[in-house]
Every structure is written in structure tokens, then in C-alpha cells.
Amino acid sequence: MEKSNIGLIGLGVMGSNLSRNIASKKFHISVYNRTTEVTDEFIKEHGNEYIHPAKTLEEFVDQLEVPRKIIILVKAGKAVDAVIEKLMPLLEKGDVVIDCGNSNFNNTLRRFDALKEKGLQFIGCGVSGGEEGALHGPSLMPGGTLEAWNTIKNIFESIAARDFSGGPCVTYIGDNAAGHYVKMVHNGIEYGVMQIMAEGYDILKNVYKLDPPKLSEIFKKYNDGKLKSYLFEISIEVLARKDEFEDGYLIDYILDRAAQKGTGKWTAIDALKQGEAIPTITEAVFARFISSHKDLRTNLSKKYQKEKIKTDMDLDTFVSTLEDALYAAMLSSYAQGYHLIREAAKENKWDIDIAEVSRIWEGGCIIRADILNVLHKAFEKANKDTHLFEIPELAKDLQRTIPLLRKTVTLGVQNGIPVSGLSTALSYFDAITSKQVPANFIQGLRDYFGAHTYKRTDKEGAFHTDWNI
Ligand code: 6PG
């Protein structure tokens with residue numbers, strides 16, 4: 001048998017779809033799954049001349065051309081370590097192991113070093129786009145050595161989604177865990193954007209008393225404009241879907257408890273570690289936590305009546321106000337995520353090109369949106385340290401849309417609707433664009449109770465005041 005160009009371990013939905021994608025580009029791929037029946041089933045359904053099943057890991061490794069390139073697509077966490085442990089003794093110097101799961105970047109750092117010690121190459125590759133993306137073209141975010149990347153470049157470029165100019169939605173992100181870090185922040189931004197969208201839906205539904213078909217129509221209108229994106233596109237369907245069991249619409253029967261697998265939380269945790277503010281992303285995680293307390297919320301809702309609905313904006317005015325508000329809040333979420341990537345890159349010595357990151361998010365991934373093309377072009381011209389709010393084209397948009405975000409937040413607050421995503425998107429903007437923030441007051445208090453000292457605006461050095469005099 002001709003040797004396979006690449007191998008894949010783990011034939012869950014993502015693994016089988018990615019294998020089929022690779023085979024469809026005429027690369028020979030060997031596949032292995034711990035449970036052989038799964039492999040048999042996969043071959044029965046999707047087998048073709050490019051897909052080569054293996055019953056044992058030894059057989060699998062033996063089928064691969066050298067240097068071996070092996071994708072692992074098993075549940076993130078212990079399972080990845082278990083596969084690596086079994087694989088290691090079978091591999092040779094220079095072989096490349098590629099973890100395409102949603103692994104925590106700290107684990108990727110550890111695995112990268114462990115494999116390096118054995119002369120093996122490790123790539124932590126973020127994959128976005130869900131099952132459909134894996135099959136038809138995901139956005140891929142590989143991190144590792146450039147040398148390792150070059151061994152898989154042609155395959156990954158062939159299977160990736162396409163950007164706005166037809167280029168592949170994959171680029172070398174940077175050393176060791178840079179790829180998984182960027183994927184983590186992608187998910188953080190995904191959390192932020194979904195939260196602000198949900199809050200817009202909440203206001204439309206509860207202040208303007210709109211039913212799901214009308215809400216779907218509004219989201220369609222948004223998706224036809226500057227908010228055009230995958231998440232808005234799928235909202236149209238999620239809102240319009242009739243329920244299959246009862247009268248009415250499915251959205252009204254879905255329990256309001258948002259689950260999570262952890263990537264949003266990891267983003268928030270790492271931002272705290274880095275000392276960087278990503279309030280909208282963090283609030284999106286908190287909002288999911290609060291949503292999980294359904295019983296407590298239900299009990300408390302009986303004790304505290306919501307205020308009577310008030311608004312002085314007619315529906316048409318609000319629909320257009322919300323469009324601009326969501327646009328500004330979306331930019332703020334991106335700004336927070338981008339800033340975190342930039343700071344983490346400095347800390348970890350990753351040379352991350354944020355224009356390229358924006359480009360590979362143009363297609364395939366969950367946060368793909370027209371705005372990413374704007375960011376891609378803008379960051380190509382900007383210098384590396386540019387904050388998203390410093391970009392002239394966007395600054396012009398923000399000047400116009402921030403007041404509308406302010407109006408939307410006010411409307412939510414006035415009506416007792418939780419708008420933590422929208423309001424943090426706004427307050428992040430307000431704070432980061434303020435020359436003077438009240439941190440002087442905090443410093444004064446710290447010095448008073450703890451002699452922590454403060455710096456002055458007019459003299460060098462650390463000062464302490466004897467507050468008792
Ligand atoms: C993607 C998605 C994918 C997954 C999320 C969902 O980019 O394809 O982000 O990674 O759907 O992990 O995350 P939660 O379950 O935490 O919402």
C-alpha cells in the first residue's frame with residue numbers, strides 16, 4: 001500500500017468529518033479509533049480509496065509516510081495525554097503530532113515541551129467551524145515550530161475555509177501554544193458577541209413585546225447590513241423555527257440555561273492572569289453562570305417585581321438604534337480580545353500577526369463576519385501595537401455608534417433587563433478612551449489605610465502622606 005500523507009486518531013464527529021475533508025482533497029489519510037467498531041462503521045459509510053483504516057496504533061503508525069503527521073481529535077483533556085503516551089514509543093525523531101481539539105493552551109505548552117524533549121514536533125491547532133466546518137472547510141489556527149507547520153502546510157491550506165479573497169483560512173500563528181491561545185480568544189469573543197446579541201433579543205422581546213417571527217425578521221435585516229455574520233445568519237433560523245411538539249416557536253421552549261465547555265472561562269482566567277481587561281467576554285461567562293441558577297432566579301423573580309416597561313423610542317427607531325449599538329458592542333468585544341492576544345503574545349514571545357488572525361477568521365469559524373475583513377485590512381496598515389479603537393476608519397464608526405449603544409444600555413437598565421454584555425462593552429470603551437480615570441481616588445484610599453504610597457502627576461517618585469496630621 002502507498003503510504004498515507006497524514007493520519008488521524010479519533011473518529012468522533014469532528015474527526016470523521018475532518019478525515020473526509022482531507023480525503024476529498026485527494027490526500028491519503030490513515031484513520032484509527034480506540035474502538036474498532038467505530039472505524040468499521042466510518043469506513044462502511046464514508047470509506048474511499050483515500051481513507052485507510054488501521055486496527056492497531058502500530059499498524060496506523062506504520063501506514064504513514066515519514067516524517068509522520070498525526071492529527072489527534074479526541075476530547076480535550078486527559079484523553080489527549082493518553083493518546084500521546086501510547087503514540088510516543090512508536091514515533092521517530094521529526095514526526096509531528098497535531099492536536100486539533102479545543103485544548104487548554106497551558107496543556108499545549110506542556111505537551112509541546114514534553115514532545116520536544118523526545119525529538120518530536122507538536123502542533124496545537126485551533127479548529128473552528130463545528131462539524132460542518134470540519135467537513136467543508138474550517139478556520140485553522142496552528143501553533144508550533146515553523147518547521148513542523150511546513151510539513152502540514154499544503155494539507156491544511158487545502159482543507160481550510162476560504163477568506164474574502166479566496167485565500168485559505170489558515171496561517172502559522174506562532175510558536176508552541178500560540179494557535180490554541182488564539183482559538184481560545186476566538187471562543188471568548190464568540191461568547192461576548194453571543195451575549196450582546198442575546199441582550200438585544202431580550203430588549204426587543206420584552207420591551208417591544210415582539211414574537212419570534214418578527215424577531216427573526218429584525219435579525220435578518222441586521223444580517224443584511226453591517227452586522228452580516230454567521231451568528232446573525234443562524235439567529236434568523238433559530239428564531240423562526242416552529243416547535244415540533246407544541247404550538248408556537250421552539251425558541252420559547254428552550255430552557256434559559258446556557259451551558260459551556262470552558263473556553264470562555266479560560267479566556268477570562270488568562271486575562272486575569274495577564275492583568276488585562278476583557279469585561280464583555282468575562283461578563284458573558286458570568287451571564288451563563290447566572291443563567292444556570294434557574295430555580296433561584298425563579299424564586300427571586302416572585303419577590304422583586306420588574307418596573308413597568310418604559311420607552312420613548314418607537315420600534316423602528318429602536319431597531320435601527322440597536323443595530324448600531326450591537327455594531328459598537330461587537331467592535332468593543334473584538335477590541336478586548338485583540339488586546340488580550342497582543343499582550344499574551346508579548347508575554348509568551350509569540351510573533352502573532354493580528355491582520356492574519358482577522359483574515360483567517362473571515363471564513364469557516366463561528367465568529368466569521370464582514371467586519372473581520374475590515375479589521376484584516378485595517379490591521380495590515382496599522383502597526384503591531386495599534387489598539388482597535390485607534391484605527392481611523394473604526395474610530396469614525398465608533399464616534400457615531402457609541403451614543404446609540406449608550407441609549408440601548410439606558411433602555412435596558414430602565415426596564416430591569418440585564419445588559420451586562422452591552423454595558424461592559426460601553427464602559428470598556430468609556431474607560432479606555434478616558435484620559436483621567438478615578439484611580440487617583442483609589443490610590444489615595446490605599447495610601448490612607450495601608451501606606452501603599454502613590455505617584456504624583458507633577459513629581460517623580462513614590463509618596464506617602466501622613467493622613468493623621
Ligand atoms: C468553534 C466553536 C467550538 C464549540 C465551542 C462551544 O469555534 O467551532 O467555538 O469550539 O462550539 O467550544 O463552546 P461552549 O460549549 O463553551 O459554548
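Heads up: numbering here begins at 1 and tracks the sequence. Whatever order the structure lists ligands and atoms in, that order sets their numbers, starting from 1. Since this is a predicted model, take the numbers as computed values, not measurements.
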Taking 4.0 angstrom as the limit and counting only heavy atoms of [X], give me the atoms of ligand 1 inside it, by number and element.
| X | result |
| --- | --- |
| Asn187 | 5 (C), 7 (O), 9 (O), 10 (O), 12 (O) |
| Ile366 | 1 (C), 2 (C), 7 (O), 8 (O) |
| Gly130 | 8 (O) |
| Gly262 | 16 (O) |
| Lys261 | 14 (P), 15 (O), 16 (O) |
| His186 | 7 (O) |

### Query
Does Lys44 NZ have over 12 foreign heavy atoms under 6.0 Å away?
no

Would you call [X] and [Y] a salt bridge, taking side-chain N to carboxylate O under 4.0 Å as the test?
| X | Y | result |
| --- | --- | --- |
| Arg111 | Asp81 | yes |
| Lys228 | Asp224 | no |
| Lys294 | Asp256 | yes |
| Lys381 | Glu393 | yes |

### Task
Give a yes or no on whether atom 11 (O) of ligand 1 lies under 4.0 Å from any heavy atom of the protein.
no

### Message
With no hydrogens and no angle check, just 3.5 Å: does a side-chain donor-acceptor pair link Gln336 and Thr280?
### Response
yes

### Query
Between the side chains of Asn383 and Asp385, does any donor sit under 3.5 Å from an acceptor?
no

### Message
His28: which residues meet the ring pair (Phe, Tyr, Trp, His ring centres under 6.0 Å) condition with it, sequence neighbours left out?
### Response
Tyr50, His52

### Query
Which residues pass the ring pair (Phe, Tyr, Trp, His ring centres under 6.0 Å) test with Tyr201, sequence neighbours left out?
none

Suppose we measure from [atom] to each protein heavy atom; which comes out shortest, and what is that distance?
| atom | result |
| --- | --- |
| atom 16 (O) of ligand 1 | Tyr191 OH, 2.4 Å |
| atom 7 (O) of ligand 1 | Ser128 OG, 2.4 Å |
| atom 17 (O) of ligand 1 | Arg288 NH1, 2.8 Å |
| atom 4 (C) of ligand 1 | Asn102 ND2, 4.3 Å |

### Query
Given Thr401 and Asp324, is the side-chain hydrogen bond (donor to acceptor under 3.5 Å, both in side chains) satisfied, shown in steps?
CA-CA 5 Å; Thr401 54; Asp324 286 321; 5.9 Å; no

### Query
For the atom pair CD1 (Ile152) and CD1 (Ile123), what is the distance rounded to the nearest 0.5 Å?
3.5 Å

Heavy-atom contact under 4.0 Å between [X] and ligand 1?
| X | value |
| --- | --- |
| Cys365 | no |
| Gly133 | no |
| Gly129 | yes |

### Message
Quick check: Ala259 and ligand 1, any N/O pair under 3.5 Å apart?
### Response
no

### Task
Quick one: look at Met184 and ligand 1, take heavy-atom pairs under 4.0 Å, and tell me if it's side chain, backbone, both or neither.
neither

### Query
Just going by heavy-atom distances, which of Gln260, Lys265, Glu190 is nearest to atom 6 (C) of ligand 1?
Glu190

